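What follows is one structure encoded as structure tokens, with my remarks underneath.
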Amino acid sequence: MPKDKDELEQFEEQEEEEVEESSEEYIQESAITAETPTNTPPSILIDVTYDGKAGKALLKLYDFINDRIYYWYDNTGHRPYLITDIPPEEVASKYRAVFRVKGFDHMDVVSKFDPLEMRQKTYTIIYAKDPLSIGGGRESIRDLLPRSWEARIKYHLSYIYDNGLIPGMFYRVENGKLTRVGVEVPGDIRKLGEELYAGDDEYLGAFREWLPLFQAPVPPLKRVAVDIEVYTPQENKIPNPREAMYEIIAIGLAGSDGLKRVLLLRRPGMEMNPDEVGMLLSSDVELMFFDSERDLLKEFFKEIMAYPILVTFNGDSFDLTYIYNRALKLGFRKEELPIVLTRDGEARYVLGVHIDLYKFFSIRAVEVYAFGGKYSGGEKTLDAIASALLGISKVEREKPIGELSYIELANYNFRDALLTLYLTTFNNELTMKLIVLLARISKTPLNDVSRYQVSAWIRNMVYFEHRRRGWLIPNKEDVINAKGGVATKALIKNKKYAGAIVIEPVAGIYPSVYVLDFASLYPSIIKRWNLSYETVRCPDEKQANDPGNKPVPNLPHWVCTNMRGLTSLLVGLLRDMRVYVYKRLAKSEKDPQQKDYYNVVQAALKVFINASYGVFGAEIFPLYCPPLAELVTALGRLAITKTIVKALDLGLTPIYGDTDSLFLYNPDMGKLEELVNWVKEELGIDIELDKAYRILALSGRKKNYAGILQDGSVDMKGLVGKKRNTPDIAKEAVKDVVHLFSTIGGIGDVEKVTEAIKDRVKEYYLMIRNKDVPLDKLAIKMAVNKPISDYTKNTPQHVKAAELLSKYGVKVGPGDIIFFVKTSTKEGVKPVQLARIDEIDVDKYVEYLRTSLEQILDALGISFENIVGSRLM
DNA sequence: GCGGACTGCTTACCT
DNA sequence: ACAGGTAAGCAGTCCGCG
């Protein structure tokens, strides 16, 4: 199993550039099925998919009490369809070919609300017997018509929307009919919403609708983590999972029910040394030996089928794909296998759901918002993520896989399976709960939630609401055509519109600084100003010409006041539920289990809220709406500017601010409160005290400061000394100096501490001058973000170092971090492995030390040159 | 032929 | 591949320089 980044990359799909989103679903090649009873106990809906053989939507339900998986096939006659504005008679006369499509079923007339034209319209709906006949197949109805809508929505999602299904919620089958199981909501929580939204039936209704999704518990989902080892004749060469040429010699299984097992292949010439048994890392791991690989796989398939959820780390690209192809090679028939490979590189688990944690943890929004960037900045390997989240450090393997003894192999193999399982169990099953909650909010099956980015989740959530309201889902081009382009210019080249404001900070040391922060500024703006793709620049002339409908005076965009915007309502609701309900509950709840759960709820909500503005400025989002995005940032600029003016008015002293924050120097507490109230009153947005510094050092650069908070902790932002690529020696110097800085108790200490800092700086300077530093502390660690061959415009230093490395046979690819030092050799750089201390370019490192330290020294008004003497060498 | 001013590319950060 | 704004370093280009 590949664990290193470059190894992972080898299996990333290269050719699957699916430009067109097809409605095609995977072909169910497997004949394995679960029971389909006419009555079931309450069960959790874990997957919704399309079964090509049955030609129907298929729901997978997990009954966690009796530990059973059930299938439920659609029996309502639901069919794939598309919508067109061509009347049926015209279809019949002008587009007769539609009827000749083999999967054509029938036509009908429907009335839908067009959110762009903002009126009810009549459409023709054309049904097909299978998704491919709508679009994606050899001959499809979509391709025969000049205009169609909703023809690119994948069928299983369409099925979810039309039936109001919520993946992750509880359902039961009663006399063959699928029904949702009710959820008990405590009266005091319901009351919170009733008070919050008194008199606003739209919000109140939505609140009641959404509450059960958060109140329904997430039951323990039985799962098994899987990891395989493959024999390879060449060391450091990872076997190709598509070819599956070599033997699978071990499969590790770690179950949430306590299963600890390694299936091992007996190999000629390898003996089991009985003395070694005591060396098993976990003594209760059960080893099972097999004489044939076929039997080993047979046992594997049998074992996993006791679980509704299969968990892997990179199983889509490696483990499960390898197993699948290897099984075919060994004579298994496709129908016998519980795994199916899809065209877009997924390895699906037929009975339940396969969750590939490599994919899930690679989702940017999960990484940043749900896990607070804890594993950011490094490699996304099992070891790296496990070490960041679980604090388990890496165990090195000393020999090639093929040379390990049975016990060594079992230890190595089982450990990875166990780590994979741990990634789903730590913090009270945080990961599983998060996935289920994300599925509920987005109406997306667990399978897709764990594989698609946040824009797909938000798309699904919003599409679901369209269908619920009987709205037509517009095509992407319709939105752009109706809403037009932008009116502002970005400061950064190649960006589409203007963003946030950053206030120019004045360098200096400031005792007692209070920071005010707009509470989720952009979502609040979306709520407060009724911003939604359909309300912004709505088609009503009267609305367009009413100056009162222009939220930003110097922007030409107006916003509809007649109806509440869909996304405004959704974002507003989710934001309120997070702030007023689940953050509060998470704080007040006594039961630790329940407290943890509320925290997962508020973290899941955070993901959606934080991404809600960005998607409207992202071209890949199907409701991409630049005027909406630019209104949000413009209103943000207005909010912070007005707040600053008011602050000055009140005699407060703003010294810095960035986007949604305002730094106030030594404020009068009464005035501060006055400002907060004014903002709430006049701007209709919440602003709150975020943090307070005992002392703050502004370097004079934007996004760049260090401060000591009231609890004595250091808060460093943007300083070079904090960046990953800065050599450790410079980082240490900064850390040292900041520590000295933190000893400043009052303004009276400044001089004394300044002297101490000067001395320390000089020490570091001399250390570098005298090359009295270990080489690895001089290493610059910089990531390669694309294939080396793609650096055509220029050759940055880290790429030069990478090229030197490749001469020694070290392969470098995207995601790899290059360690290099600056040398006085011809290239100017060398990979740290190849360099000697006497080749170091001392001046360059003094320069590094200078820029790192100056960001602190500038605040203190000290010059680096003064300390070290302007010595040019 | 060389150095300074400049632009553009690249990475890592902030909100 | 949810957004834009900023710091910093280096590569490469242009231009002046009697």
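Lettering of chains follows the sequences in order, A, B, ..., and the numbering in each one begins at 1. Since this is a predicted model, take the numbers as computed values, not measurements.
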Is a salt bridge present between [X] and [Y], judged by a nitrogen-to-oxygen distance below 4.0 Å?
X      : Y      : result
A:R701 : A:D858 : yes
A:K703 : A:D658 : yes
A:D736 : A:K731 : no
A:E847 : A:R850 : yes

Inset, instruction - Scan residues 779-807 of chain A against DNA chain C and write down, sorted by residue number, each residue with any heavy atom closer than 4.0 Å; if none is found, say none. - result: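 Hits under 4.0 Å, by residue number: A:K793, A:N794, A:T795, A:Q797, A:K800.
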Inset, instruction - Under 4.0 Å from any atom of DNA chain C, heavy atoms only: list the residues of residues 489-497 of chain A that qualify, in numerical order. - result: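 A:A490, A:L491, A:I492, A:K495, A:K496, A:Y497, in order of number.
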Inset, instruction - With sequence neighbours excluded, tell me which residues meet side chain to side chain donor-acceptor pair (under 3.5 Å) with A:D660. - result: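 For A:D660, no residue satisfies side chain to side chain donor-acceptor pair (under 3.5 Å) once neighbours in sequence are set aside.
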Would you say [N] has OP1 or OP2 under 4.0 Å from some side-chain N or O of [X]?
X      : N      : value
A:T851 : C:dG9  : yes
A:R724 : B:dA12 : yes
A:S455 : C:dC2  : yes
A:R637 : C:dG4  : no
A:K702 : C:dT6  : yes

Inset, instruction - Map A:G700 and A:A456 onto DNA chain C by nearest heavy atom, then report which one ends up closer to the 5' terminus. - result: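 Result of the comparison: A:A456.
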Can you list, pair by pair, the side-chain donor-acceptor contacts under 3.5 Å of residues 360-368 of chain A, counting residues two or more places apart and other chains?
residue, atom, partner, partner atom, Å
A:S362, OG, A:Y358, O, 2.5
A:E367, OE2, A:S376, OG, 2.8

Legend entry - Side chains of A:Y522 and A:T659 in contact at under 4.5 Å (non-hydrogen atoms):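 When only atoms from C-beta onward are counted, A:T659 and A:Y522 do touch, with a gap below 4.5 Å.
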Inset, instruction - Record whether the side chain of A:Y522 comes under 3.5 Å of the base of C:dC2 through a donor-acceptor pair of N or O atoms. - result: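 Such a pair does not exist between side chain and base.
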Legend entry - Side chain of A:R701 - closest among B:dT15, C:dA8, C:dG5: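 The nucleotide sitting nearest to the side chain is C:dA8.
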Inset, instruction - Check every atom of C:dC2, C:dA8, B:dT15 against the side chain of A:D658 and return the nucleotide holding the closest atom. - result: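 The answer is B:dT15.
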Legend entry - A:S532 and A:E534: side chain donor to acceptor below 3.5 Å: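 There is such a pair (donor and acceptor under 3.5 Å, judged by atom type) between the side chains of A:S532 and A:E534.
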Legend entry - Side chains of A:N460 and A:T444, donor plus acceptor under 3.5 Å: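 Side-chain D/A pair, A:N460 to A:T444: present.
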Inset, instruction - Have a look at A:Y452 and say if it touches a base, only the backbone sugar-phosphate, or nothing, with a 4.0 Å heavy-atom cut-off. - result: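 Contact class for A:Y452: none.
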Inset, instruction - Using a 4.0 Å heavy-atom cut-off across all strands, classify A:E619 as base, sugar-phosphate, or nothing. - result: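 No contact.
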Inset, instruction - Determine yes or no for a side-chain-to-main-chain donor-acceptor pair under 3.5 angstrom, with A:Y497 supplying the side chain and A:L631 the backbone. - result: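 Absent.
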Legend entry - salt bridge (Lys or Arg N to Asp or Glu O under 4.0 Å) partners of residues 779-802 of chain A, not counting sequence neighbours, each pair once: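 Residue pairs passing salt bridge (Lys or Arg N to Asp or Glu O under 4.0 Å), neighbours aside: A:D728-A:K781.
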Legend entry - Positions of residues 623-636 of chain A (non-hydrogen atom under 4.0 Å from DNA chain B), listed by number: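 Per residue number, the list is empty: none.
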